[in-house]
Number of protein chains: 2
Amino acid sequence: MTNIAPDKSGRARSKRPPTIHDVAAHAGVSRGTVSRVLQGGRNVSPAAQEAVNAAIRKLDYVVNRAARSLVTQRAGSIAFVLSETQDVFFEDPNFTTLLRSCTAALADHDIPLVLITAGTEAERRRISPYLSAHHVDGVLLFSSHRGNPLIEHLQRAAVPFVCCGKPLGRHGAVSYVAADDREGARTMVRYLFESGRKRIATIAGPQDTPGGLERLLGYREMLAEHGVRFAKRMVAIGDYSRASGEACMRQLLTQVPDLDAVFVASDLMADGAMSAIERAGLRIPADIAVGGFDDSPVATALDPQLTTIRQPWDRISETMVRQLLAQIEGEGSATVILPTELVVRAST
Amino acid sequence: MTNIAPDKSGRARSKRPPTIHDVAAHAGVSRGTVSRVLQGGRNVSPAAQEAVNAAIRKLDYVVNRAARSLVTQRAGSIAFVLSETQDVFFEDPNFTTLLRSCTAALADHDIPLVLITAGTEAERRRISPYLSAHHVDGVLLFSSHRGNPLIEHLQRAAVPFVCCGKPLGRHGAVSYVAADDREGARTMVRYLFESGRKRIATIAGPQDTPGGLERLLGYREMLAEHGVRFAKRMVAIGDYSRASGEACMRQLLTQVPDLDAVFVASDLMADGAMSAIERAGLRIPADIAVGGFDDSPVATALDPQLTTIRQPWDRISETMVRQLLAQIEGEGSATVILPTELVVRAST
DNA sequence: CTGAAAGCGCTTACAG
DNA sequence: CTGAAAGCGCTTACAG
C-alpha cells in the first residue's frame with residue numbers, strides 16, 4: 001500500500017500513481033496479463049479482460065509512458081518542427097492553421113505533439129542531438145526554403161519525417177504532402193481570363209520555395225494557354241509578407257498602368273496589394289480584380305472579401321500524420337498532392 | 001559491441017544509440033560515475049570527468065530520457081495548454097506571440113514543450129488523465145474565461161501550473177503572471193485626455209476575462225480622475241475579435257455621434273473599429289483618435305499605424321517558465337504583475 | 001571519489 | 001490463455 005490518501009483539504013499529497021502491479025493485484029492476475037490487455041487484449045480470456053478493466057477504472061490507472069518507452073524503444077511522441085525564420089512563420093496565418101490541424105490529427109491518435117523551432121543555424125545544432133537520439137518517433141517538418149540541412153540530418157539519423165510541401169534541392173526519397181500549387185494557380189488565372197480580364201499581372205512568392213515557384217509556373221502556363229505572351233514586367237516577387245505585397249503592387253502599377261487583374265501568391269500579400277491599389281485611387285474589382293492564394297482568415301476580413309484558392313490544410317495535416325505514422329511502422333516514403341479549390345468572393 | 005556500423009551508403013542502419021554502459025566501458029569507469037558527470041560532476045575526480053566527457057563526445061552519446069524519467073519520476077517536459085475555443089485563440093495574434101516566446105524560454109532550459117489544446121469539454125476530459133498521470137512536469141495554462149474546471153483539476157492532481165493572466169473565479173492560491181491591465185488602460189486614457197480629447201468612448205473585452213474587466217476599470221478610473229462622469233452609452237463590449245470591434249464601433253458612433261476618441265481593449269478590435277470609423281466617413285486621428293491594446297503585429301499593419309499599449313510578452317513567458325520551474329522544485333505559488341508601455345503612433 | 005547493486009514500471013519472448 | 005522472469009537505460013543511496 002504505497003498510496004497515500006488525499007488529506008482532509010482534498011489536495012492530493014504526493015500520492016504516487018498506481019502501477020501495473022497494483023492493477024494486477026486488484027484484478028487477481030499477473031502483470032503480464034495486465035500488460036496484454038493494455039496492448040489490446042490479444043490472447044486474454046474475457047474474464048481476465050473484464051477484471052483488469054475493472055481494476056483499471058477503479059484505480060484510475062494510466063500507463064507510465066516512460067517505462068513503456070524504455071522497453072519499446074519508442075518515444076510515443078512526434079515533433080512539429082518549424083524550420084523557418086521565426087518571425088516569418090509565426091506571422092503567417094497558415095502556420096497557425098497547420099499547427100492547429102496537426103495537433104488535432106495527432107490527438108486523434110493520442111500522440112503528444114512536441115513543438116520545436118529551428119529557425120537559426122544555432123537552433124538547428126541544438127535540436128539535432130535531441131532528434132537523433134530518437135526522443136520523438138518522427139517529425140512533421142515545416143520548412144519551405146531550399147536546402148535545409150535538417151533534411152539530410154534526419155535522413156542520416158534514420159528519423160522518420162514528412163515534409164509539408166515539396167522540399168527543394170537534391171534529396172533522396174523524401175515523403176511530403178503538398179497542395180497542388182500549380183493547378184491552383186492555373187485555376188485562378190483561368191478564372192480571371194474567363195471573367196473577362198485581359199492584362200493579368202502576378203505577385204509571386206520567393207523563388208526558393210515550392211509555392212513561389214509553382215504558382216508562378218501555373219500563371220505562365222495559363223497565359224500561354226490563352227495565347228498571351230509572358231512579360232517580365234507583369235511579375236513582381238514578394239516574400240509572402242503583407243508589406244512585400246504592397247511594395248510589389250506599387251511596382252506593378254508603375255510598370256503596367258493599365259493592368260486589370262492581379263494574381264497574388266498569398267492572401268497576406270494580397271492584403272498588402274489591395275492597400276496599394278486603393279491608395280492609388282483604383283477600385284477593386286471594378287478597375288483591378290485581385291485573386292489570392294491560401295484562403296487564410298484574412299481573406300474574409302478584407303474589404304472587399306478576397307477571391308482566393310483554398311488550401312486543404314486539414315487534409316494536409318491529416319495526411320502528413322498518417323504518412324508519418326505509416327513510416328514509423330516501417331512503410332516507405334511517399335508523396336501526396338492534394339487538390340485546391342477556387343473560392344469566389346467580391347474582389348474579382 | 002552491439003553497435004552496427006553505418007553501411008557504405010552512409011545511411012545509419014538501425015544503429016542503436018550508445019548507452020551509459022558504452023560510455024563507462026570507453027572511459028574505464030563505472031556507470032555510476034558516468035551518471036554523476038551527467039548530473040553535473042559532483043564528487044567526480046577531474047580525471048574521471050575528463051575521460052567520461054571524451055567518451056561522450058567520441059560516441060555521440062545522448063542520455064535516454066525515458067530511462068531517466070523512469071527513475072527520477074520526472075517527465076522532463078512541460079505542457080503548453082491552450083484552453084480556449086480553438087478558433088478564438090488561434091486567430092488571436094497574441095497566442096502566437098506567447099507560443100513563440102514560451103518555446104524560446106523553454107528551449108533555454110532545454111525542456112521540450114508539449115502543445116495541448118483543450119477548447120472543448122470533451123478535449124478536457126481526454127487530456128486530464130494525461131496531465132494527472134504526470135506525463136509532463138508542469139503546465140503553462142492559457143485560459144482567460146472565468147471558471148475553467150481545468151484549474152481545479154490540476155490542483156487536485158497536484159500538477160504544478162502557472163496561468164497566463166489572473167484566473168477569474170474562486171480558487172486557492174494560484175500562480176499567475178499578467179500584464180498590468182488596469183494601469184495600461186489608465187495610461188492610454190490619460191494620454192488621450194492629455195492630447196486634448198474630451199469625449200472618450202471605449203470598446204471593452206469580454207467581462208468574464210481579466211483583460212476585459214481590468215481595462216474597463218482603468219478606463220473608468222481615469223475618467224473619474226479627470227472629473228468626467230462615466231456614461232454607459234460610451235461603452236461597448238466586444239469579444240476580442242476583429243468583427244466585434246467593427247460592430248461595437250458602429251454602435252458607439254450611433255450612440256455618441258460626437259465622440260472624439262476611443263480606447264479599444266485589443267488591437268484586433270481596434271482594427272475593426274478603424275474600419276467602421278472610415279466607413280462612416282470620419283478621419284483618424286483628425287476626427288477620432290483610436291488607442292489599442294497589445295501592440296500585436298496588426299498595430300503596424302494598420303493605416304494609420306495604431307497607438308497602443310505594449311504587453312511585455314517575452315517577459316510574461318520567461319516569468320511564467322521561471323515560476324513554473326521553481327514550483328516544480330517545490331517552491332510555493334506567486335503572482336507577478338508586469339508593467340506595460342505606451343507606444344505612440346499615428347492613430348492618436 | 002568510486003563501484004556494485006537495487007529499482008524505477010513497463011513489455012515480451014518463453015514455457016507451460 | 002497465463003505466469004515467471006529477463007531486461008529496457010538510467011539514478012541513487014550505500015559501502016568502502
Side-chain angles (χ1 to χ4, degrees), chain A residues 2-3 14-53 55-56 59-77 129-130 132-135 137, chain B residues 2-3 14-53 55-56 59-77 129-130 132-135 137:
Chain A
T2 50
N3 278 349
S14 74
K15 162 165 125 190
R16 69 158 34 203
T19 71
I20 207 175
H21 180 266
D22 302 316
V23 174
H26 221 87
V29 299
S30 74
R31 288 148 47 197
T33 298
V34 174
S35 182
R36 274 173 219 118
V37 347
L38 253 29
Q39 309 304 314
R42 287 225 126 324
N43 293 356
V44 181
S45 68
Q49 177 101 248
E50 174 70 15
V52 169
N53 280 135
I56 286 175
L59 302 176
D60 267 334
Y61 169 79
V62 8
V63 70
N64 178 319
R65 288 185 176 235
R68 173 179 285 176
S69 285
L70 186 54
V71 29
T72 60
Q73 307 276 30
R74 288 272 179 93
S77 60
Y130 182 87
S132 322
H134 293 273
H135 285 161
D137 295 326
Chain B
T2 50
N3 278 349
S14 73
K15 161 165 128 193
R16 68 160 37 203
T19 72
I20 206 176
H21 180 267
D22 301 318
V23 175
H26 221 87
V29 299
S30 73
R31 286 147 51 199
T33 298
V34 174
S35 183
R36 274 173 218 116
V37 348
L38 253 27
Q39 309 305 312
R42 287 221 127 323
N43 293 355
V44 181
S45 68
Q49 178 102 248
E50 174 69 17
V52 169
N53 280 136
I56 286 176
L59 302 176
D60 264 334
Y61 170 79
V62 8
V63 69
N64 178 319
R65 289 187 177 232
R68 172 180 285 176
S69 285
L70 186 55
V71 30
T72 59
Q73 307 277 27
R74 289 270 180 95
S77 60
Y130 182 86
S132 323
H134 294 273
H135 285 161
D137 294 326

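Each chain gets a letter, A, B and so on, in the order its sequence line appears, and its residues count up from 1.
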Chemist: What's the closest nucleotide to the A/Arg31 side chain, out of C/dT2, C/dC10, D/dC10?
Modeler: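 My answer, after comparing the listed nucleotides, is C/dC10.
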Chemist: Check the distance between C/dA13's P and A/Arg42's CZ and give it to me in whole angstrom.
Modeler: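 Rounded to the whole Å, the gap is 15 Å.
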Chemist: Please answer whether the main-chain N or O of B/Glu50 pairs with a side-chain N or O of B/Asn53 as donor and acceptor at a distance below 3.5 Å.
Modeler: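 No, B/Asn53 side chain to B/Glu50 backbone: no donor-acceptor pair under 3.5 Å.
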Chemist: What's the spacing between A/Leu70 CG and A/Asn64 CG if we round to 0.5 Å?
Modeler: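 If I round to the nearest 0.5 Å, the distance is 10.0 Å.
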Chemist: Give A/Arg65 one of three labels, base, sugar-phosphate or nothing, depending on what nucleic acid heavy atoms sit under 4.0 Å from its own.
Modeler: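 The residue A/Arg65 makes no contact with any strand.
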Chemist: Name the closest nucleotide to the A/Ala67 side chain, picking from C/dT11, D/dT12, C/dG9.
Modeler: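 Nearest listed nucleotide: C/dG9.
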Chemist: Figure out the CD1/C1' separation between A/Ile20 and C/dG9, and round it to whole Å.
Modeler: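 After rounding, the gap between these two atoms is 8 Å.
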Chemist: Can you tell me the pairing partner of C/dG3 across any strand shown, Watson-Crick or G-U wobble, with both distances under 3.5 angstrom?
Modeler: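 Because both required distances fall under 3.5 Å, C/dG3 counts as paired with D/dC14.
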Chemist: Using a cut-off of 4.0 Å on non-hydrogen atoms, how would the nucleic acid contact of B/Thr19 be classed: base, sugar-phosphate, or nothing?
Modeler: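 Touches sugar-phosphate only.
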Chemist: Could you tell me the separation between the CD atom of A/Gln49 and the CZ atom of A/Arg42, rounded to the nearest 0.5 Å?
Modeler: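 So the gap between those two atoms works out to 10.5 Å.
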Chemist: What's the closest nucleotide to the B/Val71 side chain, out of C/dC8, C/dC10, C/dT2?
Modeler: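 Selected nucleotide (nearest to the side chain): C/dC8.
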Chemist: Of B/Gln49 and B/Leu70, whose closest DNA chain C nucleotide lies nearer the 5' terminus?
Modeler: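 Looking at DNA chain C, the more 5' nearest nucleotide goes with B/Gln49.
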Chemist: From C-beta outward on B/Gln39, which listed nucleotide comes closest to its side chain: D/dT11, D/dG9, C/dG9?
Modeler: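 Within the option list, the nearest is D/dT11.
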Chemist: Nearest to the side chain of A/Ser30, which nucleotide is it out of C/dG3, D/dC8, D/dG3?
Modeler: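 The nucleotide sitting nearest to the side chain is D/dG3.
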Chemist: In whole Å, what is the span from the NE2 atom of B/His21 to the C1' atom of D/dC10?
Modeler: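 Spelled out: NE2 on B/His21 to C1' on D/dC10 is 13 Å.
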Chemist: Roughly how far apart are A/Thr33 OG1 and A/Leu38 CG, rounded to 0.5 Å?
Modeler: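 One finds 11.5 Å between OG1 of A/Thr33 and CG of A/Leu38.
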Chemist: So does A/Asn43 get a side-chain nitrogen or oxygen closer than 4.0 Å to the phosphate oxygens (OP1/OP2) of D/dC1?
Modeler: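 Yes, because at least one side-chain N or O of A/Asn43 sits under 4.0 Å from OP1 or OP2 of D/dC1.
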Chemist: How far does CZ of A/Arg65 sit from OG of B/Ser77, to the nearest 0.5 angstrom?
Modeler: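 Taking CZ in A/Arg65 and OG in B/Ser77, the distance rounds to 10.5 Å.
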Chemist: Using a 4.0 Å heavy-atom cut-off, does A/Ser35 contact any base of the nucleic acid, only the sugar-phosphate backbone, or nothing at all?
Modeler: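 Result for A/Ser35 = base.
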Chemist: NA contact type, A/Ala66, heavy-atom cut-off 4.0 Å: base, sugar-phosphate, or nothing?
Modeler: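 No contact.
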Chemist: Would you check if A/Ile20 and A/Tyr61 make a side-chain contact, meaning some heavy-atom pair closer than 4.5 Å?
Modeler: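 A/Ile20 vs A/Tyr61: side chains touch.
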Chemist: Could you work out which one of C/dG9, D/dT11, D/dT2 sits closest to the side chain of A/Thr33?
Modeler: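 Out of C/dG9, D/dT11, D/dT2, the nucleotide with an atom closest to A/Thr33's side chain is D/dT2.
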Chemist: In whole Å, I'd like the distance from the CG atom of A/Asn64 to the C1' atom of C/dT11.
Modeler: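 In whole Å, C/dT11 C1' and A/Asn64 CG are 13 Å from each other.
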Chemist: Using the C1' atom as the reference point in each nucleotide, state the distance between C/dG16 and C/dT12 in Å, no decimals.
Modeler: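 Those two atoms are separated by 16 Å.
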Chemist: Could you tell me how far apart A/Arg74 (CZ) and C/dC10 (C1') are, to the nearest whole angstrom?
Modeler: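 It is 16 Å, rounded to the nearest whole Å.
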Chemist: Where the side chain of B/Arg36 is defined as all heavy atoms beyond and including C-beta, which of C/dT11, C/dA4, D/dG9 is the nearest nucleotide?
Modeler: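 It is C/dA4.
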Chemist: Taking 4.0 Å as the cut-off, does a side-chain nitrogen or oxygen of B/Gln73 come that near to OP1 or OP2 on D/dT11?
Modeler: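 Result: no.
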